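Worksheet: the structure to be examined is printed underneath.
Quantities reported herein were computed from a predicted structural model and do not represent experimental measurements. Because only heavy atoms are used, hydrogens play no part in the values below, and waters and symmetry mates are left out as well, while side chains stay in.
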Amino acid sequence: MRILLIEDDNSAATYVVRGLAENGHVCDVLADGTDGLFQATREKYDAVVVDRMIPGLDGLSLVRALRAAGRKMPVIFLTALGGIDDRVEGLEAGADDYLTKPFAFAELLARLNALARRPPVQEVKTFLKVSDLELDLLRREAARAGQRIDLLPKEFTLLEVLMRNEGRVVTRTMLLEQVWDFHFDPKTSVVETHISRLRAKIDKPFDEALLHTVKNMGYSLHAPR
């Protein structure tokens with residue numbers, strides 16, 4: 001792992017760096033929170049270990065700024081502030097773990113290894129775009145070529161599923177499961193009816209079609225080819 005340690009106590013920093021090196025890890029060290037934030041947003045790290053009481057930008061503010069900047073690498077607080085309120089404050093600031101001083105290096109290493117085994121955080125898209133068709137999932141708004149499109153709730157969900165699968169064939173069964181939560185075939189034309197209504201809203205008023213029927217397979221939404 002490549003780890004960034006932000007620690008102004010030289011003895012503690014030396015102890016951690018030596019232990020990480022002995023276990024095959026690379027560790028960059030900075031003693032100032034402002035410098036640490038700049039480094040953590042500029043470079044790629046597998047984890048950040050940060051003290052709360054550091055000069056420049058304090059540890060809490062550093063972690064909050066990291067999360068606000070969209071940096072999702074694991075962060076462990078390593079600090080002498082060990083009260084319950086301190087730990088809660090640190091975790092709510094965006095840290096993944098909290099270890100108090102004095103500490104055993106073996107425990108720090110075990111916590112770093114545990115964080116490394118976690119699957120990476122997947123960014124959840126809240127805005128989808130295919131060609132000139134746009135879908136804002138937070139505002140629940142759709143538009144094409146700058147023109148707002150009014151969609152009923154199921155039409156919106158149907159369009160979201162199709163846009164998330166841009167260029168891929170989405171079968172009728174998949175739509176029944178993901179849009180209507182049907183895990184059986186209701187033997188109705190609910191999918192075909194909603195596809196027809198959706199096509200009338202997102203394609204018919206415009207020059208080029210985005211929603212296509214794939215014979216004997218399903219539907220695909222993609223830019224003109």
Salt bridge Asp96-Arg111, side-chain N to carboxylate O under 4.0 Å: no
Minimum heavy-atom distance between Leu60 and Asp58, given as atom pair plus value: N-OD1, 3.1 Å
Student check: side-chain heavy atoms of Leu4 and Met73 closer than 4.5 Å: no
Side chain to side chain contact (heavy atoms under 4.5 Å, CB included) assessment of Leu158 paired with Ile195: CA-CA 8 Å; Leu158 175 59; Ile195 286 287; 4.0 Å; yes
Candidate pair Val130 and Leu162, rule side chain to side chain contact (heavy atoms under 4.5 Å, CB included), full reasoning: CA-CA 10 Å; Val130 176; Leu162 291 166; over 6 Å; no
Minimum heavy-atom distance between Glu208 and Arg144, given as atom pair plus value: O-NH2, 2.7 Å
Close side-chain approach of Ser220 to Thr213, heavy-atom, < 4.5 Å: no
Verdict with supporting geometry, Glu89 and Leu81, side chain to side chain contact (heavy atoms under 4.5 Å, CB included): CA-CA 11 Å; Glu89 192 176 29; Leu81 298 176; over 6 Å; no
CG-CD1 distance between Leu57 and Ile6, expressed to the nearest 0.5 angstrom: 9.0 Å
Under 3.5 Å: donor-acceptor pair, side chain of Lys129, backbone of Ser131: yes
Backbone of Asn10 reached by a side-chain donor or acceptor of Thr14 within 3.5 Å: yes
Atom pair CZ/CD of Arg199 and Glu192 - distance to nearest 0.5 Å: 11.0 Å
Sidechain-backbone polar pair: Thr171 side chain, Met174 backbone, donor-acceptor under 3.5 Å: yes
Shortest non-hydrogen separation from Gly36 to Leu62 and the atoms involved: C-CD1, 4.2 Å
Met53, CE atom: more than 12 neighbouring heavy atoms under 6.0 Å: yes
Rounded distance (nearest 0.5 Å) linking atom CG of Leu135 with atom CG of Leu151: 7.5 Å
Glu7 CD to Asp32 CG distance, which is reported to the nearest 0.5 Å: 12.5 Å
Validation row: Leu66, Thr41 side chains within 4.5 angstrom (heavy atoms): yes
Pairwise side-chain contact, Tyr219 with Leu175, heavy-atom cut-off 4.5 Å (strictly under): yes
Min side-chain heavy-atom separation Leu159-Leu133 under 4.5 Å: yes
Common cluster, Phe184/Trp180, ILVMFWY with side-chain heavy-atom separation under 4.5 Å: yes
Beyond-backbone contact of Leu210 with Asp203, side-chain heavy atoms, under 4.5 angstrom: yes
From CA spacing to verdict: side chain to side chain contact (heavy atoms under 4.5 Å, CB included), Met163, Leu137: CA-CA 11 Å; Met163 291 183 74; Leu137 302 178; over 6 Å; no
Flag side-chain contact, heavy atom, 4.5 Å: Arg2 against Asp28: yes
Heavy-atom closest pair, residues Leu176 and Pro186: CD1-CD, 3.8 Å
Between CG on residue Leu221 and CG on residue Leu128, distance to nearest 0.5 Å: 10.5 Å
His212 versus His222, closest heavy-atom pair with distance: CD2-NE2, 3.2 Å
Exam field: side chain Arg172 to backbone Val191, donor-acceptor pair closer than 3.5 Å: no
Heavy-atom neighbours of Leu138 CG exceed 12 at 6.0 Å: yes
Co-members of the apolar cluster containing Leu5 [side chain, <4.5 Å]: Met1, Ile3, Tyr15, Val16, Val17, Leu20, Val29, Val49, Ile76, Leu78, Leu99, Phe103, Phe105, Leu108, Leu109, Leu112, Leu115
Lys201, Arg197, His194 screened by side-chain hydrogen bond (donor to acceptor under 3.5 Å, both in side chains) with Glu155, the one that passes: Lys201
Student check: side-chain heavy atoms of Asp86 and Phe77 closer than 4.5 Å: no
From CD1 (Ile54) to CG (Asp9), nearest 0.5 Å: 12.5 Å
Minimal non-hydrogen separation, Thr79 against Tyr98, with atom names: CG2-OH, 3.3 Å
Heavy atoms from other residues, nucleotides or ligands near CG of Asp207 exceed 12 (cutoff 6.0 Å): no
